[in-house]
Amino acid sequence: MQCRTHIAFGIAASTALVHTGDLKVLLTTIAGATIGSIISDLDSYNSEISQILNKITAIIVATVLVSLGISYIFKIDIIDKIVQYKNAANILIGVLVFLLVSILGSYTKHRTFMHSIPCVLMYFVILSTFLSQSFTLPFVVSMVAHIALDLFNHIGVVLFCPISEKRICFDLCDSDGIVNSILFYVSVFIAAYMVTFVV
Ligand SMILES: [Zn+2]
């Protein structure tokens with residue numbers, strides 16, 4: 001599926017699951033869901049290190065800018081909702097391990113480790129050490145949603161990499177065809193509906 005579809009589907013699934021009327025929790029959910037929905041595709045340019053680093057940098061810069069933008073527009077600080085432990089060393093180690101796994105994952109073959117259940121569990125453990133459940137759970141839900149959508153086209157994913165190399169694929173639709181478009185618009189509608197609970 002296209003990047004925008006993964007993001008919209010991840011946000012729709014996460015906001016529907018959290019179903020909150022709290023603006024801070026909603027924004028934290030959207031932030032976690034957005035990053036979780038695209039992290040798996042860091043492996044899509046595994047031959048070009050500059051593109052990988054650009055992508056990781058773009059994700060970090062986008063996250064910081066979105067957080068600052070939200071703080072400015074809504075006059076609230078969502079950082080205290082995202083970060084669970086205020087210990088600087090704890091946060092620094094967590095961020096470094098997160099970056100290390102993401103950079104190493106970028107070098108793996110497309111739709112193998114970065115699209116696997118063991119990888120989801122690894123990110124869940126890493127993020128849980130320094131980030132709140134309000135951020136971590138949407139991240140994990142969106143990552144699982146991304147992998148689930150990728151199962152439906154002809155390439156499929158190595159779901160249990162590195163435990164098993166078996167590639168699973170349902171081969172039901174193209175990644176940029178009519179199903180992709182329908183899924184995108186339905187997801188946007190659901191996400192918009194969930195946002196109405198706080199306005
Ligand atoms: Zn993917």
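Atoms within each ligand, like the ligands themselves, are counted from 1 in listed order.
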request  = Taking the side chain as every heavy atom from C-beta outward, state whether Val140 and Tyr123 have any pair of such atoms under 4.5 Å apart.
outcome  = no
key: Member of Thr34, Ile147, Asp150 meeting the side-chain contact (heavy atoms from CB on, under 4.5 Å) criterion with His6   = Asp150
Shortest-distance N, O or S atom of Asp41 relative to the Zn ion (ligand 1) = OD1
N, O or S atom within His115 nearest to the Zn ion (ligand 1), by name = NE2
message = Is there a path of hydrophobic side-chain contacts, each under 4.5 Å between heavy atoms, that joins Leu137 and Phe130?
response = yes
remark   = the Zn ion (ligand 1) -> Asp150, closest N, O or S atom is OD2
key: Cluster overlap Leu99 with Ile39, hydrophobic side-chain contacts below 4.5 Å   = yes
query = Name of the His146 N, O or S atom nearest the Zn ion (ligand 1)?
reply = NE2
